[in-house]
8 protein chains.
Amino acid sequence: MELLVSVVMGSQSDWDTMQETVWMLEKLEIPCEARVLSAHRTPDALDEYIRDAEQRGVEVFIGAAGGAAHLAGVIAAKTQLPVLGVPMESKALSGIDSLLSMVQMPGGIPVATFAIGKAGAINAALFAASVLALKYEKYADSLRGHRKQQTQKVLAIGDPRQAAKK
Amino acid sequence: MELLVSVVMGSQSDWDTMQETVWMLEKLEIPCEARVLSAHRTPDALDEYIRDAEQRGVEVFIGAAGGAAHLAGVIAAKTQLPVLGVPMESKALSGIDSLLSMVQMPGGIPVATFAIGKAGAINAALFAASVLALKYEKYADSLRGHRKQQTQKVLAIGDPRQAAKK
Amino acid sequence: MELLVSVVMGSQSDWDTMQETVWMLEKLEIPCEARVLSAHRTPDALDEYIRDAEQRGVEVFIGAAGGAAHLAGVIAAKTQLPVLGVPMESKALSGIDSLLSMVQMPGGIPVATFAIGKAGAINAALFAASVLALKYEKYADSLRGHRKQQTQKVLAIGDPRQAAKK
Amino acid sequence: MELLVSVVMGSQSDWDTMQETVWMLEKLEIPCEARVLSAHRTPDALDEYIRDAEQRGVEVFIGAAGGAAHLAGVIAAKTQLPVLGVPMESKALSGIDSLLSMVQMPGGIPVATFAIGKAGAINAALFAASVLALKYEKYADSLRGHRKQQTQKVLAIGDPRQAAKK
Amino acid sequence: MELLVSVVMGSQSDWDTMQETVWMLEKLEIPCEARVLSAHRTPDALDEYIRDAEQRGVEVFIGAAGGAAHLAGVIAAKTQLPVLGVPMESKALSGIDSLLSMVQMPGGIPVATFAIGKAGAINAALFAASVLALKYEKYADSLRGHRKQQTQKVLAIGDPRQAAKK
Amino acid sequence: MELLVSVVMGSQSDWDTMQETVWMLEKLEIPCEARVLSAHRTPDALDEYIRDAEQRGVEVFIGAAGGAAHLAGVIAAKTQLPVLGVPMESKALSGIDSLLSMVQMPGGIPVATFAIGKAGAINAALFAASVLALKYEKYADSLRGHRKQQTQKVLAIGDPRQAAKK
Amino acid sequence: MELLVSVVMGSQSDWDTMQETVWMLEKLEIPCEARVLSAHRTPDALDEYIRDAEQRGVEVFIGAAGGAAHLAGVIAAKTQLPVLGVPMESKALSGIDSLLSMVQMPGGIPVATFAIGKAGAINAALFAASVLALKYEKYADSLRGHRKQQTQKVLAIGDPRQAAKK
Amino acid sequence: MELLVSVVMGSQSDWDTMQETVWMLEKLEIPCEARVLSAHRTPDALDEYIRDAEQRGVEVFIGAAGGAAHLAGVIAAKTQLPVLGVPMESKALSGIDSLLSMVQMPGGIPVATFAIGKAGAINAALFAASVLALKYEKYADSLRGHRKQQTQKVLAIGDPRQAAKK
């Protein structure tokens, strides 16, 4: 099976958040792989991985990191494929450091940034799907299905007082 | 000529920043159009515009707004095409309000967010190009050319002391 | 019984906070209803609900949402009735994102914003009462009663050292 | 002529911002008056003014202050009429101090807070109109007219590139 | 016994923090009393209490409140005795709102502000002592004793590794 | 003439702000002196100055500094007289760094902190007066006069619209 | 054995974080000692300790403190040896106060600042090693070994999904 | 002449700030060179430069960047020499983004961070001198001279009122 999305995270501790990305990509049947690679502790292996992943057909990179979160920016410096960034909720500063380190990229090398933590992890997957859907009709269908479902889920609640009793 | 990118902004005063997006798209020869439409003051016209733009072939939306910047999120609620957000530098809070109102979208409806102000405006265009490049080879070429050029520009500087004298 | 206040929240998880609003409205004997509807995941149902609620006699809307909290602003874009906003305490950023996404509305479409979390939920109810009290004398009475009571409660404490022993 | 809205500000320097409130109220033909009174420097005169204004028929108070902005909260402690707050853009902290000092009122005494600076000043007037419109049909009409007008203004722009040339 | 310091707090829930103030004042043998009174919910009782306390000989007021923390400022508006403020750690914003609402008083009415939470509660007591020590020699002695003791406590630790084992 | 207040600032550039302190002290006829001394660049001279000033009769210290503003804390570590701190408006961070470096003193060594910039500079002088007024009746009189005057000034404005025309 | 690094912290409660510094220095076989000394509560003992440590051969100081974290700056004012600062995670403000109080030192007296909390504690040790490695070849070797090891650790993870199962 | 310090900045626009670093290094007679190289736009040239500089004898790197400021971290990932970081004052967020992107490096790869803007630029040079002074006695002398001079400069001011008149 061809590979389309690569999900790279700076540390194993990011997996708890980033499994949401992988789960959503799998739900949408988009082939993906996940790797732990650090822009700071393994810069050479990261370089090599990016080149290799691109050759193996990856079309979208998702980078997740916390604190001084350089990973997504460093990936974007090495490829011109779309790079999506998910800022991790950091211990002291709750991810505001991760967010600013990602989203404030200087003009020239973009990182498409999503919300801090799990909401961002889910949305990076959905956004990757919307990008791939432009080219691969079947992902447009998966996405349409998913969005219909999520609309239904909200509508099914109605009155929160009743829902709370269930 | 086909239309690929729609650049929507909440107010005419955003144009000073967002012309950077349009200039970059034009430089990369990506057909685009720009509109002033407000999520709050013209919600119905916005709805209609999104539907119409999608029918006219738009594949990527870029939404720019400041303060309680709902525009990109409201567009993303109405289409499943990729929606990119550029937070405007706001008067009192320098755009931190615009940034958080865009990037912190709840799980389910993603907005790919870029830096506050002109850096974000340029990067939204470059990111749109990287998305379209997956499908249209010619934009991969434009992007490759642009990135080579921007690398050359930095390398041409060398010693900033010398450059400052020029 | 006529309906006067509609309390809309973006997700069932907001109910824990927003039940304070409903409890206070009920304490003041102001007829209200509560709904879960999302500006992003159910935009069309939200539109329809606003129109319908207005026809059923709603005079005040209260919107509660977290993160990129667009709900109250989107309601305010669709009605000219008073719209009150309660920013939810968000996971990573403690609600500062929710607050700024609500209160920083651009000139033209106001959202009356209250404190993050339960204090705001209570105060939105009390403020709705003060608005309705202008027109319906009986709510002026309920409000007067409530405020007298809350003053008495504080005065009953006196010395916190003694109170702590009880 | 009857008086309906009282606009109180903590210092003459707030007038530059708060004249937007008065202009908008006048545009909507809502009778109002403006006063400079400080919660800190003139507490007794403020008390007296609130009591007096209420007797002269004021139905909505708008309080504007900057820094440790207590004015609106202090008014709200003395009346149960709706109190609206406009946080002034402060010198060092750009109004984030004014905003938090207003919006974070503890449960029990609400202040309906609007955006920092001129956007908030305009919106406080529009919100006051929406409150009064519940009781006085003619203000519902003024408001309807104003909102139609402001929608037209945005729609008249269309393409920002063309508009910029005018 | 004469009364010298009055410790006022906005809510019984502040007592957990403010008992540190009372404990320290008692340790330094400075006669004090504590009261729960709210600037917003009991404005008249607060006014009366300030006047009365002043007549009973209070020379320093300490005001503690959280969120939109107006209490100390409102006391300072009513007396020209030194007013000290202790910002409470608030639920959502950790006390940054309480701090700014206290410390950012406009020129004319000062509130001497201390750290958020227990450190501030202790320091308000110590500062009150330093103020009273100018006039009452015995408090200069208590303070001297306390500071010597606290220096000894730190010096007794020496190597933290050894201390951690005890 | 005896000396009562010492105003120390970390740099000559703070004088523009701190002259407000000196002007107000002079207006209230409180004898004071001003010195530029840095906790970091002149630690020994600062130590010596504090000891000397104390011997010359200083009863209140006011310390002003910006950025990592340690000056007031370092003075407070060396004397048990009341130490007041005025955070300077810093270049990049507008004084939020100065404020936190002053107000967040750990329990044990208090610094009474005032607003960032000129408002804080004025209030430190007024607060010093309120402290000295406990012991010296004449400063209670000066302070009473000043506060009456400042109340009159606000009351003289009345309607800001009229005042703006003058 | 000669002493090269002195680790000073403002309170015993900082040890939980700062033992990471000591552990890392020991792992790299760099001789160090740790002391609890407060810039505010023990200024004279701190002065004496710095002079003494310098005479006993210390070449690098590491200062750790929280809140208004003056310790590292005060050390840097007394020695021209390299001073490294580790901001402690503070209770209310999560260490943003500690960080700004350290890093924003005015021009003239530098403090090399690292991340808030444990990451900073580890990095201060590693940075001390990189400084000493310029002069003592053996620490260059220890550092090289440590970095190789940490790279291997990340590379050993590979796929986080697999790693999570272990 | 041997080369000891390399000053790298992400853009020519950083030179206005970073010339302070070069001026100070030159004043202290420490041989240095300056280069414009971007972690994002010229990653390969940066890699090569770091390797080359190290071979030409550089012992300390100083990296300056703004916004999502990855430059210093990326250098630190490639060398184990001491890396110093100077956060640039960014347009919208005044450098708080640059600061957090630098200082919050995860454990393992340290960047010694200094103040935002010119104060940081000066201090990075002084800190580099303190590091080199451990190995090269002559820089200990230069540094001693500089610090004496800067102490004298402050002491020469004395009374700021007099100084302001000059």
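Naming convention: chains lettered A, B, ... in sequence-line order (proteins, then strands); numbering from 1 in each chain.
Using a 4.5 Å cut-off between heavy atoms, F:L99 makes no contact with chain G at all. Within the 4.5 angstrom heavy-atom criterion, only backbone atoms of F:A39 (N, CA, C, O) approach chain G. Of the two parts of G:L100, the backbone and the side chain both hold a non-hydrogen atom closer than 4.5 Å to a non-hydrogen atom of chain F. Looking at F:A69, the atoms closer than 4.5 Å to chain G (heavy atoms on both sides) all sit in the backbone: N, CA, C or O.
For chain G, the option among F:S11, F:A92, F:A68, F:G66 with the highest count of heavy-atom pairs below 4.5 Å is F:A68.
Rounded to the nearest 0.5 Å, atoms CG (F:D47) and CG (G:D44) are 7.5 Å apart.
With hydrogens and angles ignored, the 3.5 Å screen pairs a side-chain donor or acceptor of G:H70 with a backbone N or O of F:S101.
Within 6.0 Å of CD on F:E48 lie no more than 12 heavy atoms contributed by other residues, nucleotides or ligands. Counting non-hydrogen atoms of neighbouring residues, nucleotides and ligands closer than 6.0 angstrom, the CD atom of G:E29 reaches no more than 12 such neighbours. More than 12 non-hydrogen atoms from other residues, nucleotides or ligands lie less than 6.0 angstrom from NZ of F:K135.
Side-chain contact check for F:H40 versus G:P106: some heavy-atom pair is nearer than 4.5 Å.
Using a 4.5 Å heavy-atom cut-off against chain F, no residue of residues 145-166 of chain G qualifies as contacting.
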